[in-house]
Participant: 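Quick one: structure below, then a few questions.
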Amino acid sequence: MFTQSKLVKAIISPFMLWVAIIAVGSYFMFSFDAKILKEPASPGLMGTVTKYYNALKLSYIKKGIDLAGGTYLVLGVELDKAVENRLNIESRSLDQLFKTKELKVLPLSKNVKDGVLTIVFETEEGAKACYNMLAEAKAASLQSKLVDNEIQANLTSELEHRLRAGAVEQAVNVLGNRLDSTGVAGMVVTQHGDHQVVVQMPGVSDPERIKSLISRAAHLEFKIVEKTAGSRDVLLEEYDGELPSDKVIVPGKSEMDENGIEEAGRYYLVSAFPDMTGDRIVDSYVSRDEFGKPVVNFKLDGVGSREFGELTSNNEKRQLGIIMDDVMVSAPSINTPITGGSGIITGGFTQKEALDLSIVLKSGSLVAPLKFEQESRVGASLGQDSIYKGLMSCLIAMILLFLFSFLYYKIPGLLAVLALLLNFFLVMLFLSYFHGTLSLSGIAGMVLSVGMAIDASILIYEHIKEQLSLGSTLRKAVNDGFSGALAVILDSNITTFLTGMVLFYWGGPAVRNFATTLMLGIVATLLSGILFLKAMFQFLFDVIEVKSMKF
């Protein structure tokens, strides 16, 4: 009979703790879509299974692109451009150095090409004076040489290597922040190789907008406008058709007239070097002006606030050009100095344009531009086919393991299968907790980890059989079986876990998803194959009072 003492033993049993974990985890992880449940299922068992899979909503697990369908992009990071951009920054720093050191002979021109900054002087004496100044300043980021009346400088090998590696990592971080801000769940951004970034967009209804967000360098510059005109030629007339090296002409943002016809914007003459960049922006959001039109608000950090205040204080009544990716998006007049560390960008934006601009400003600019190298699309039908095959593979694997375990080990084999089911459940629970993405390769990793998990039960059961053959009691044989097999189980699983870490570190997105579920499966194996399985045996001994069992 089920006495009060047995009830107490059942309640305090470790097995009941696992029951509670399963109940709470199921509530946390699963829900069903009532609409899909009402729809008729396809013929056959797998049709019913697929229907319930589609109705099943995993609260925090996102479907990968091969399950949900979508767009797969491979982007190349133009690392040479990252080097050129850094050299342009160094070039602007040299201007400040020349001003501070009061260089008497200023350079005629500066240009960056093929990873080399070339500074041209009128005479060799002027170039030598500048070269000596650079040597005294000990610029740690540049190595330079004197060639006639030119100084040729390039980044140090250590800095260039660090810059190239960091450009890819920075692209992953920036794109991840941008895509997270769109509110679309499931998008994955990962590094692939030494110069590529892979973007997976499962179930995205507007991929062109996402691609536009991805491709924008979002390089924001503030420059004082010197002149403006309706065409480029008008601005060039003053310089006989050729601009000096320290000036550039920036086109304005095109606008729509009252009839919806696009009109070309104006052209602006500005300095080749920015008075300030958008690197100091810490926040950005969309609001509306007094006419109800969308505008973009931005907020600067402490250093940026001071620089912006100085810039606007020194240039009252002039136009402040706000340039995004070499296009003048707005050129408001500075009526009063702006010292509050914030500003507004106007430019006749639509709501979507303002939102996209706010997203890229908040996420930051790219160190190097990106180019699309590969684009492939996965249809929803292919995704459903992947789901069907993945479910079928899991089902077949579980059936085969059940048959093997039950036929060979009888009741203990059934317990081992229950431990495998918990193994599968724990992997899904871990993915939910970490808001992971499940793809077809991830399902393969789960199937493999479940297949390997039966090894733990086999090792334990073989040790138990040895102890029983030596005359031990059932309870002692079970305890000795678990303790005797523990070292071997840990050794085999730890080495497999390390292999998964190598795959995760070096592999592409598909390999990483495989490695993730494989490693989670190993952790689940140790929990279910040792702790949960032992808890079931203890429950049988203490509560059910099982005295004998065949192995």
Side-chain angles (χ1 to χ4, degrees), residues 85 88-89 91-93 95-96 110 216-239 242-256 262-281 284 286 289 293-301 303-350 353-354 356-358 360-362 364-366 369:
N85 291 338
N88 282 319
I89 294 174
S91 175
R92 294 194 293 270
S93 299
D95 288 336
Q96 186 64 33
K110 292 185 296 180
R216 294 182 72 173
H219 187 56
L220 179 68
E221 296 177 321
F222 298 94
K223 296 182 180 181
I224 298 300
V225 176
E226 299 184 11
K227 288 187 179 181
T228 179
S231 69
R232 186 184 297 270
D233 293 336
V234 173
L235 295 175
L236 287 173
E237 285 179 1
E238 184 178 342
Y239 299 96
E242 186 174 348
L243 286 176
S245 60
D246 61 341
K247 308 289 182 186
V248 293
I249 294 175
V250 178
K253 182 175 176 285
S254 59
E255 298 179 356
M256 295 288 183
E262 187 174 7
E263 293 181 338
R266 296 183 65 79
Y267 290 84
Y268 301 84
L269 179 68
V270 294
S271 170
F273 309 108
D275 296 299
M276 185 177 168
T277 66
D279 296 337
R280 296 295 180 181
I281 291 179
S284 177
V286 178
D289 61 15
K293 295 182 178 180
V295 295
V296 178
N297 297 260
F298 64 88
K299 184 175 179 59
L300 302 164
D301 62 13
V303 176
S305 298
R306 185 175 64 254
E307 293 178 355
F308 198 62
E310 293 175 356
L311 176 62
T312 54
S313 298
N314 297 332
N315 293 279
E316 281 192 67
K317 308 306 178 184
R318 300 182 69 184
Q319 283 182 285
L320 176 64
I322 302 174
I323 303 168
M324 171 70 74
D325 294 341
D326 299 324
V327 175
M328 185 76 69
V329 296
S330 181
S333 296
I334 304 173
N335 296 322
T336 56
I338 303 173
T339 57
S342 61
I344 298 175
I345 302 176
T346 60
F349 304 116
T350 65
E353 288 173 338
D356 289 351
L357 178 58
S358 172
V360 296
L361 288 179
K362 191 186 302 184
S365 61
L366 294 167

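If you're wondering where the values come from, they're calculated on a predicted model, not measured in any experiment. In this chain, numbering begins with 1 at the start of the sequence shown. Heavy-atom basis, side chains included; hydrogens, waters and symmetry copies ignored.
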Participant: Looking at every non-hydrogen atom in both residues, tell me the closest pair between V296 and A354 and how far apart they are.
Facilitator: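 Where V296 meets A354 most closely, the heavy atoms are CG2-O, 3.5 Å.
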Participant: Between the side chains of R318 and E226, is the shortest nitrogen-to-carboxylate-oxygen separation below 4.0 Å, so that they form an ion pair?
Facilitator: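 Between R318 and E226 there is no salt bridge, as every charged N stays at least 4.0 Å from the carboxylate O atoms.
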Participant: So do the side chains of I322 and P332 get within less than 4.5 Å of each other, counting heavy atoms only?
Facilitator: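 Touching, per the 4.5 Å side-chain cut-off.
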Participant: Nearest 0.5 angstrom please: K227 NZ to Q319 CD, how far?
Facilitator: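 With rounding to 0.5 Å, NZ (K227) is 13.5 Å from CD (Q319).
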Participant: Can you give me the closest heavy-atom contact between Y239 and L269, atom names plus distance?
Facilitator: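 Between these two residues, the closest heavy atoms are OH-CD2, 3.7 Å.
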Participant: For the residue pair F298 and F308, does the interplanar ring angle fall in the parallel (under 30°), tilted (30 to 60°) or perpendicular (over 60°) class?
Facilitator: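 Because their plane-to-plane angle is over 60°, the rings of F298 and F308 count as perpendicular.
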Participant: Rounded at 0.5 Å granularity, tell me how far CD in E238 sits from NZ in K247.
Facilitator: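 If I round to the nearest 0.5 Å, the distance is 9.5 Å.
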Participant: So does I224 get a backbone contact from the side chain of D275, meaning a donor-acceptor N/O pair under 3.5 Å?
Facilitator: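 Side chain of D275 to backbone of I224: a pair is present.
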Participant: Is there a side-chain contact (heavy atoms from CB on, under 4.5 Å) between L300 and R306? Walk through the geometry before answering.
Facilitator: CA-CA 9 Å; L300 302 164; R306 185 175 64 254; over 6 Å; no
Participant: Once you round to the nearest 0.5 Å, how far does CG of L235 lie from CD1 of I249?
Facilitator: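 Reported to 0.5 Å precision, the distance equals 4.5 Å.
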Participant: I want to check something: taking the side chain as every heavy atom from C-beta on, are V248 and V270 in contact at a cut-off of under 4.5 Å?
Facilitator: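 Side-chain contact under 4.5 Å: yes.
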Participant: Roughly how far, to the nearest 0.5 Å, is CD of E237 from OG of S231?
Facilitator: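 Rounded to the nearest 0.5 Å, the OG-CD separation comes out at 7.5 Å.
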Participant: Got more than 12 heavy atoms from elsewhere within 6.0 Å of CG, D326?
Facilitator: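 Not buried by this count: 12 neighbours or fewer within 6.0 Å.
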Participant: For side-chain contact (heavy atoms from CB on, under 4.5 Å), just list the numbers for Y267 and T228, CA-CA rounded to whole Å, side-chain angles, deciding distance to a tenth of an Å, and then say yes or no.
Facilitator: CA-CA 6 Å; Y267 290 84; T228 179; over 6 Å; no
Participant: Could you check if a side-chain atom of T312 sits within less than 4.5 angstrom of a side-chain atom of E316, using non-hydrogen atoms only?
Facilitator: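 No, every pair of side-chain atoms sits at 4.5 Å or beyond.
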Participant: How far apart are the closest heavy atoms of V286 and N297, and which atoms are they?
Facilitator: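 Nearest pair, atom of V286 first, then N297: C-ND2, 4.3 Å.
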Participant: What are the two closest heavy atoms between S271 and K223, and how far apart are they?
Facilitator: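 Heavy-atom minimum between the residues: O-NZ, 2.9 Å.
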